[in-house]
**Q** 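Here's a structure for you.
Order of the sequence lines sets the chain letters (A, B, ...), proteins ahead of strands, with each chain counted from 1. Any value given below was found using the heavy atoms of this structure, including those in side chains, with hydrogens, waters and symmetry copies removed.
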Protein chains: 2
Amino acid sequence: MTSKFLNIDEEKQQRILNAALNEFAQKGYDHASTNAIVKLAGISKGLLFHYFNNKKELYLFLHKHFIDVLQNEFFNEERFAEPDVFERLKNIMILKSQMMKKYPEIFNFFISAYTETSSDIKNELDDSHHELMQSSYAKIFENIDTTMFKENIDMKRAIQIVFWTLEGYSNQVMEKVKHTNQSDNDFSAEFAEVDLYIQMLKTAFYQ
Amino acid sequence: MTSKFLNIDEEKQQRILNAALNEFAQKGYDHASTNAIVKLAGISKGLLFHYFNNKKELYLFLHKHFIDVLQNEFFNEERFAEPDVFERLKNIMILKSQMMKKYPEIFNFFISAYTETSSDIKNELDDSHHELMQSSYAKIFENIDTTMFKENIDMKRAIQIVFWTLEGYSNQVMEKVKHTNQSDNDFSAEFAEVDLYIQMLKTAFYQ
DNA sequence: TACCCAATTGACCAACCTGGTCAACTACAT
DNA sequence: ATGTAGTTGACCAGGTTGGTCAATTGGGTA
């Protein structure tokens with residue numbers, strides 16, 4: 001029962017959510033400390049456990065909440081409407097990179113939720129995470145222009161490998177950016193290479 | 001001073017090293033437990049601290065040791081001799097995947113050493129890890145056949161992006177394999193796609 | 001056999017941290 | 001002045017941590 005939490009004023013909610021997000025993202029579920037969370041949020045221990053019955057309830061609430069945040073911001077992007085599938089893939093990767101830059105803690109949170117093996121929590125995370133992946137994958141194939149492909153090309157397979165290589169590449173870029181320059185936000189330099197790559201693929205796959 | 005440790009019989013050394021490797025790989029430095037290590041290794045607490053003065057000394061010894069293991073097995077591969085740079089890149093990625101499959105704990109260990117931020121250990125890890133990366137990167141460009149490239153192509157840049165995309169792709173593959181089928185070892189199916197990719201790149205970049 | 005010394009044990013330690021509780025206090029509306 | 005909802009933080013028992021050290025074992029030597 002989190003109804004008590006939902007009735008307090010927005011600013012305090014945000015403060016608590018962000019504090020918990022940061023702690024869980026950094027340490028994972030098991031090693032995150034509720035003491036650290038209340039300290040960061042600037043509230044007392046008792047109050048946190050007044051809003052949430054226990055640590056697990058807090059975590060699950062967070063998980064659901066930030067899935068929603070991502071869904072709303074990510075999927076309402078016009079970039080998913082681009083008819084050319086390769087261009088669309090490129091756009092999605094750029095979008096993802098921008099989101100990772102904007103909300104690094106959220107991504108860390110989900111990664112740790114996915115990586116963390118030692119806790120009973122994992123089973124309780126409903127399929128929402130998996131669902132998020134599935135629906136993003138489905139969106140890639142939604143209303144694409146298939147007339148351009150050479151007839152002898154296995155389209156799905158081609159798109160899939162391009163998706164994977166691009167995802168891999170963007171991960172490399174993010175990793176690089178994370179450890180070096182933290183100020184820039186557009187990645188235009190990094191993704192210039194991708195443009196070349198995309199053009200190349202088109203000439204290879206399109207008739 | 002680890003001289004005591006180096007004088008005991010090989011089998012016991014291995015047992016201790018592997019126990020420590022597993023624990024550190026799984027939990028990272030901070031949360032790894034020396035109790036768990038001695039239990040896993042089948043020795044007493046006192047003995048471990050007879051060989052190593054403290055936890056940190058054990059960890060640093062491990063780090064050095066497994067860097068050596070990787071160096072010896074990885075770099076003595078004839079795959080680095082392949083003259084065609086794209087084929088070489090493919091070979092290296094396959095090699096890396098095979099190594100990750102063969103020694104998952106070692107890779108987890110290094111990843112956790114690189115990721116773990118909260119400890120004073122990180123600073124003490126000499127540049128050996130970074131060095132390993134550098135030398136593997138240098139080996140890619142060693143004695144490659146440059147005559148094939150079109151004149152107007154920025155060769156280094158081209159190789160670099162291919163390297164990154166391939167690395168990204170192989171990471172995706174490993175991630176997939178890790179979470180599904182744990183028995184197979186050759187990845188031939190997964191890397192068939194890469195062959196197509198490599199051929200495509202050659203026609204694009206070579207004259 | 002008696003002795004020595006190195007290898008090995010594991011009970012023990014103080015320090016610390018954990019999630020969670022609850023009696024008490026505050027602020028504010030009636 | 002009274003009631004009530006919001007909020008505090010000292011406190012708890014349980015657990016884990018890295019590290020110590022007196023005691024035991026076992027094999028070699030004389």
Side-chain angles (χ1 to χ4, degrees), chain A residues 1-17 19-63 112 116 118-122 124, chain B residues 1-17 19-63 112 116 118-122 124:
Chain A
M1 274 279 280
T2 51
S3 57
K4 288 174 214 148
F5 178 70
L6 293 171
N7 285 336
I8 64 176
D9 70 276
E10 193 101 6
E11 187 270 335
K12 197 183 218 170
Q13 271 187 44
Q14 289 302 327
R15 237 172 48 228
I16 295 171
L17 288 176
L21 176 68
N22 277 317
E23 177 71 6
F24 281 123
Q26 232 178 83
K27 313 249 191 86
Y29 177 76
D30 286 334
H31 298 110
S33 155
T34 51
N35 291 313
I37 292 172
V38 298
K39 199 170 182 181
L40 207 62
I43 60 168
S44 68
K45 192 84 166 288
L47 192 53
L48 181 68
F49 283 96
H50 177 65
Y51 294 145
F52 303 93
N53 287 321
N54 48 48
K55 191 183 180 183
K56 192 196 265 188
E57 193 177 297
L58 167 64
Y59 187 80
L60 294 178
F61 181 85
L62 233 71
H63 194 267
S112 86
E116 197 85 14
S118 65
S119 68
D120 58 332
I121 279 286
K122 209 183 174 181
E124 304 242 5
Chain B
M1 274 280 278
T2 52
S3 56
K4 289 174 213 149
F5 178 71
L6 294 170
N7 285 336
I8 64 178
D9 70 276
E10 191 100 11
E11 187 270 335
K12 197 183 218 171
Q13 270 188 43
Q14 288 303 326
R15 237 171 49 227
I16 295 171
L17 287 176
L21 176 68
N22 277 317
E23 178 70 5
F24 282 124
Q26 232 178 82
K27 313 247 188 88
Y29 177 78
D30 287 333
H31 298 108
S33 155
T34 51
N35 292 313
I37 293 172
V38 298
K39 201 169 178 180
L40 209 62
I43 61 168
S44 68
K45 192 82 166 290
L47 192 53
L48 181 68
F49 283 96
H50 176 66
Y51 294 145
F52 303 93
N53 287 322
N54 48 47
K55 191 184 179 182
K56 191 195 266 189
E57 192 176 299
L58 167 63
Y59 188 81
L60 294 177
F61 181 85
L62 233 71
H63 194 265
S112 86
E116 199 84 12
S118 65
S119 69
D120 58 332
I121 279 288
K122 209 183 174 181
E124 304 241 6

**Q** Does the side chain of K12(A) get closer than 4.0 angstrom to OP1 or OP2 of dT7(D) through an N or O atom?
**A** yes
**Q** Roughly how far, to the nearest 0.5 Å, is NZ of K27(B) from OG of S112(B)?
**A** 12.0 Å
**Q** Can you check whether any acceptor in the base of dG6(D) is under 3.5 Å from a donor in the side chain of K4(A), or vice versa?
**A** no
**Q** Which part of the nucleic acid does K55(B) contact within heavy-atom distance under 4.0 Å: base, sugar-phosphate only, or nothing?
**A** sugar-phosphate
**Q** Do you know which of Q13(A), Q14(A), R15(A) makes side-chain hydrogen bond (donor to acceptor under 3.5 Å, both in side chains) with E11(A)?
**A** R15(A)
**Q** Atom NE2 of H50(B) and atom CG of L47(B): how far apart are they, to the nearest 0.5 Å?
**A** 6.5 Å
**Q** Contact boundaries of DNA chain C with chain B (under 4.0 Å, heavy atoms), 5' to 3'?
**A** dT8(C) to dG10(C)
**Q** OP1, OP2 of dG18(D) versus side-chain N and O of T34(B): anything below 4.0 Å?
**A** yes
**Q** Determine the sole option in F24(A), Y51(A), F52(A) for which the ring-ring contact (aromatic ring centres under 6.0 Å, His included) test with F61(A) is passed.
**A** F52(A)
**Q** Which heavy atom in E23(B) sits nearest to a heavy atom in H31(B), and how many Å separate them?
**A** OE2-O, 4.2 Å
**Q** Indicate, with a heavy-atom threshold strictly under 4.0 Å, whether A32(A) touches base, sugar-phosphate, or nothing.
**A** sugar-phosphate
**Q** Could you run down the sub-3.5 Å N/O contacts of the protein with nucleotides 24-28 of chain D?
**A**
none

**Q** To the nearest 0.5 Å, what is the distance between CG (L62(A)) and CD (E57(A))?
**A** 12.0 Å
**Q** What integer distance in Å separates L47(A):CG from dT8(D):P?
**A** 6 Å
**Q** Atom CD of E23(B) to atom C1' of dT17(D): distance rounded to whole Å?
**A** 12 Å
**Q** Expressed as a whole number of angstroms, how long is the span from N35(A):CG to dC12(D):P?
**A** 16 Å
**Q** Does the side chain of S33(B) get closer than 4.0 angstrom to OP1 or OP2 of dT17(D) through an N or O atom?
**A** yes
**Q** Provide, to the nearest angstrom, the distance between the CD atom belonging to Q13(A) and the P atom belonging to dT7(D).
**A** 12 Å
**Q** Taking all non-hydrogen atoms of both residues into account, name the closest pair between N35(A) and V38(A) and its distance.
**A** O-CG2, 3.1 Å
**Q** Which residue pairs pass the salt bridge (charged side-chain N to carboxylate O under 4.0 Å, His left out) test when at least one of the two sits in residues 32-55 of chain B, sequence neighbours left out?
**A** none
**Q** According to the interplanar angle, ranging from 0 to 90°, do the rings of Y29(A) and Y59(A) count as parallel (below 30°), tilted (30 to 60°) or perpendicular (above 60°)?
**A** perpendicular
**Q** Atom CZ of F49(A) to atom P of dG6(D): distance rounded to whole Å?
**A** 19 Å
